[in-house]
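One structure below.
Proteins get letters first, then strands, A, B, ... in listed order; numbering begins at 1 in each.
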There are 2 protein chains.
Amino acid sequence: MRSASAEPDTGTRARIRDAAVLRFAKSGFGASVRSIAAEAGVSPALVIHHFGSKDELHAACDEHVLAWIVETKRQNMGKAARGQLLEVLAQADDMAPLVGYVLRSLQAGGSVGRTFVEHMIDDAEQYTAEAVADGIVRPSRDERARVRYLVYSSLGALMLSVTMNPPEDPEDVNAAVRAFTDDLYLPMLEMFTEGFLTTRRMLDDYLLYVSDPPGTGGEAEDTDGTAA
Amino acid sequence: MRSASAEPDTGTRARIRDAAVLRFAKSGFGASVRSIAAEAGVSPALVIHHFGSKDELHAACDEHVLAWIVETKRQNMGKAARGQLLEVLAQADDMAPLVGYVLRSLQAGGSVGRTFVEHMIDDAEQYTAEAVADGIVRPSRDERARVRYLVYSSLGALMLSVTMNPPEDPEDVNAAVRAFTDDLYLPMLEMFTEGFLTTRRMLDDYLLYVSDPPGTGGEAEDTDGTAA
DNA sequence: GTCGCGGCTGAACGCGTGTTTAGTGTTGAA
DNA sequence: TTCAACACTAAACACGCGTTCAGCCGCGAC
């Protein structure tokens, strides 16, 4: 039942799907079927006729955007390194609606956003492993946790920035992304290069704490820290 | 017309307002007036009777939560240092709905979220200035930008984490917050203490770039780096 | 008393939603 | 030509929404 390759990317159905992606990116997933139909230049009934329901249309959009993501990644393997995937994606200006769609899905906790984050984490883990091997990046006590922290931080910061300063014309998502990176590239680089704290005390204290938590004595203590 | 102190925090109106805050936190601002009325044990008409419209109810909730924030901050000046405001807020378990409300407002780009971020930035700027003066934190080339980066990163990461792993019972927002910090505290501390990169090259290159951008020669060039 | 008044409600209104239905025009095969 | 399948639409349906309206109840003032 995979319709990914069975159907062409032209024709009315694809036009409706693209209009839906655009409208969802612009107005969120609450956008009405009627507005999507208007954008595609068809009747609302035809939208339902082709996709069955709004939810299935949403799912079709998710699938389409996801396929686009993996394709773009495949073509930009090298450039996408060091977690700059989003910036690479945003460079192709005509792809801006898809970036907006991803951000909407991130915001709504949709499946596209979820798998997008997972992809980014998996990729970043691979890239940082290479960078550590090359001596460019310091090793971590928990590589997976660090990668998750980095992805959540950068993606979350971007998301928050776009939410707080939404572009007037939603076509300009990439402009917003660029403004974000322009603003925060220096402090990020500073943090990455020089760190933030001058003393190791907090880190050492924490390491001591997790390796030998308070209340030691051999009793089976659960991991919940409510008693602390 | 300030109703903050003119009206008591008991009575039907306050009960409706609290129910609305809870409902908004649980289901987002799309929650229906009817569901709020049901939660408060009154008729939908009474909600409108007291607040005029759903938008005005939303505004009243914003005002209430905002007042609660500044009050909590006032009481926890010391503890709230080092950007741990949200954790402090989440400690009082009965206040969980309000934390959820803030997260919803952050997600929706509402006024509460916006001023909350501004407050956090202002506070963090003050705290980091003190910490720099005390020699605990390294100075930055652009303190304001660094503070914005830190707030956006940490808040965005938290937001993303909660969005991707929503608590089953929305009462457990603080549990989700705690799970988030438990997971990512080590990598954050690592990053803050030891940094990420082993070499200064990227930072130095960037600093060289911004102080002497390519295409020098005196012509008035805009700041857009599309040519790069 | 009985009046007024404010808290409060059930029922409805108008609207926008997703979806269905009945029917149009077109196109290609038999 | 005739039939069937197809893309497509106008109109309506059922429903949930925010909101309004008319009126009920209980309580303090006169």
Find the distance A/Ile48:CD1 to C/dT17:C1' and express it as a whole number of Å.
11 Å
Separation of A/Arg146 CZ from A/Arg141 CZ (nearest 0.5 Å)
10.0 Å
May I have the distance from B/Glu56 (atom CD) to D/dT20 (atom P), rounded to whole angstrom?
10 Å
Base, sugar-phosphate, or nothing: which does A/Ala37 touch, judged by heavy atoms less than 4.0 Å apart?
nothing
As a test of reading the structure: which of C/dT19, C/dC8, D/dT19 is closest to the side chain of B/Pro44, going by heavy atoms?
D/dT19
Nearest-Å distance for atom pair CZ/P, residues A/Arg15 and D/dA7:
13 Å
Has the side chain of A/Arg34 got a donor or acceptor that lies under 3.5 Å from a partner of the other kind on the base of C/dG18?
yes
Taking only side-chain nitrogens and oxygens of B/Ser32, does any of them come within less than 4.0 Å of OP1 or OP2 of D/dC17?
yes
Name the closest nucleotide to the A/Ser53 side chain, picking from D/dT9, D/dC21, C/dT19.
C/dT19
Measure from the side-chain heavy atoms of B/Val33 and tell me the nearest of D/dC21, D/dT19, C/dT17.
D/dT19
Salt-bridge test for A/Arg144 and A/Asp122: reply yes if a basic N is under 4.0 Å from a carboxylate O, no otherwise.
yes
Report the nucleotide, chosen from D/dT19, C/dG18, D/dC8, that has the shortest atom-to-atom distance to any side-chain atom of A/Lys54.
C/dG18
Considering only NZ, NE, NH1 and NH2 on the basic side and carboxylate oxygens on the acidic side, decide whether A/Arg178 and A/Asp183 come within less than 4.0 Å.
no
A/Arg13 to A/Phe51 six-membered ring, cation-pi geometry met (6.0 Å, 45°):
yes
Write down the distance between CG (A/Asp55) and C1' (C/dG18), rounded to a whole number of angstrom.
10 Å
Whether A/His50 contacts D/dC8 is assessed here as follows: a side-chain N or O lying under 4.0 Å from the phosphate OP1 or OP2. Is that the case?
yes
Measure from CZ on A/Arg13 to P on D/dC6 and round the result to the nearest Å.
15 Å
Distance in angstrom units between A/Phe51 CZ and D/dC8 P, rounded:
11 Å
B/Ile36 CD1 to D/dT19 P: how many Å, rounded?
11 Å
Is the charged tip of B/Arg23 near the ring of B/Tyr101: under 6.0 Å from the six-membered ring centre and within 45° of its axis?
no
Rounded to the nearest Å, what distance is computed from the CG atom of residue A/Leu46 to the C1' atom of nucleotide C/dT19?
14 Å
Quick one: which of D/dA10, C/dT9, D/dA7 gets closest to the side chain of A/Thr12?
D/dA7
Look at the side-chain N and O atoms of A/His49 and state whether any lies under 4.0 Å from the OP1 or OP2 oxygen of D/dT9.
no
